[in-house]
Every structure is written in C-alpha cells, then in structure tokens.
Amino acid sequence: MGNIREIQEYVLCLVVEHGHLVLGEATEPMGYRAGKLVGPTGLALPNFNAGERVRYYCLNDMKIHATNFELVAQKHYERPSSAYDVLVHIYRVNRYDGLPNDTKRLRNVTFYPITALPFERMFSDDQYWLMDVISGREYPHLTFRAEGSESEAVLITKRNLRPVPA
C-alpha cells in the first residue's frame, strides 16, 4: 500500500468569448504565477462550493460576474519532492456580465485569439493541454511532464472527472 499524499486544490477559469481566451498578467500577490499570463485562478477556498469559487475568482481577478460555466477538466500534478500533490479544477466560463478588466491580481487583461495564444508567456505545460480543453476534445487522461519539471501531470477530461461538491 502506497503513501497517501495530501492534495492541495486550486481553481482555474478559462474565460472564453467569440474565439478568444481572456488572460491577464499575474502580479506579485499571485506568488509563483507572477509575470505569467493566466485566467482567474487560486486556491479552492474551503468554505466555498464549486460555483462560489468560480464566481469569486472571476470577480476578484477580472471584475466579471460568471453566469454560465462548466467543469471541463482536472489536472493532477504528482510532485515527488513536495509534501503534497496539486489538483486543479478547470472551468470554462462561457458567459459573464461585465467587461474583463485589470485588478490587483491581474493586469493587462487581454482577449487573445485562441488560434494564436502566447504560450511563451504562459506556464510551459499549457501548450500540452489547453487547446484540447478549450475545443472540448475528450480522452480518458493525458499524462505529461513540462520541460525542466520534476512534476508529472495527469489531465482528466469531462468524461472521467472526479466529482466536485456543488
């Protein structure tokens, strides 16, 4: 029987509109994400349900009110040299109220054409999974290791997602 590892959970929102993905440059309050282009994201707040987490990060990071969203994937990072693994719940935000705008956590919020995403300014593993998730491609799971990383990641798409409390 293997060791049971602690899992730290996060939420990532993919704000999609008319063939564009809305991303902002993470600022210092976002820690290790600083300087990277990301969507609304953060720790899965323990006292919030899944919907409240999505709405919280969309409002906090881009000043938008998410009105239609769905869980589209989960990424499980196995981190052998860390005390915990990471599980990221990935939501596609299909509709929202308001205009995406800069905040204390994200600046230079921009609509990027999905066909020309600036992967060089994003996390290195985004190039392996992001386009498939946005397009709705499904497969049981995808395992990949980002260049220079010791962490192996497993991407799970809609068909085989682990339930998230509502």
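The chain is numbered in sequence order, starting from 1.
- In this structure, Phe123 CZ and Lys75 NZ are separated by 8.5 Å, a value rounded to the nearest 0.5 Å.
- Looking at Leu37 and Phe119, their side chains never come closer than 4.5 Å, going by heavy atoms from C-beta outward.
- Using a 4.5 Å heavy-atom threshold, the side chains of Met62 and Thr103 count as separate.
- Between Glu25 and Arg107, at least one side-chain nitrogen of the basic residue sits less than 4.0 Å from a carboxylate oxygen of the acidic one, meeting the salt-bridge criterion.
- Between the CG atom in Asn60 and the CG atom in Leu106 there is a gap of 9.0 Å [rounded to 0.5 Å].
- Atom CD of Glu52 is separated from atom CG of Leu45 by 9.5 Å, given to the nearest 0.5 angstrom.
- The structure places CG of Asp61 at 12.0 Å from CG of Leu23, a figure rounded to the nearest 0.5 Å.
- Residues Met122 and Tyr112 have side chains not in contact (no heavy-atom distance under 4.5 Å, counting atoms from C-beta outward).
- Within the 4.5 Å cutoff, the side chain of Val54 has no heavy atoms near those of the Leu71 side chain.
- Pairs passing the side-chain hydrogen bond (donor to acceptor under 3.5 Å, both in side chains) check and including a residue from residues 15-24, sequence neighbours excluded, read Glu17-Tyr96.
- Here Glu28 contributes atom CD and Arg105 contributes atom CZ; the two are 12.5 Å apart, rounded to the nearest 0.5 Å.
- Between Tyr77 and Asp85 the shortest side-chain heavy-atom distance does not fall below 4.5 Å.
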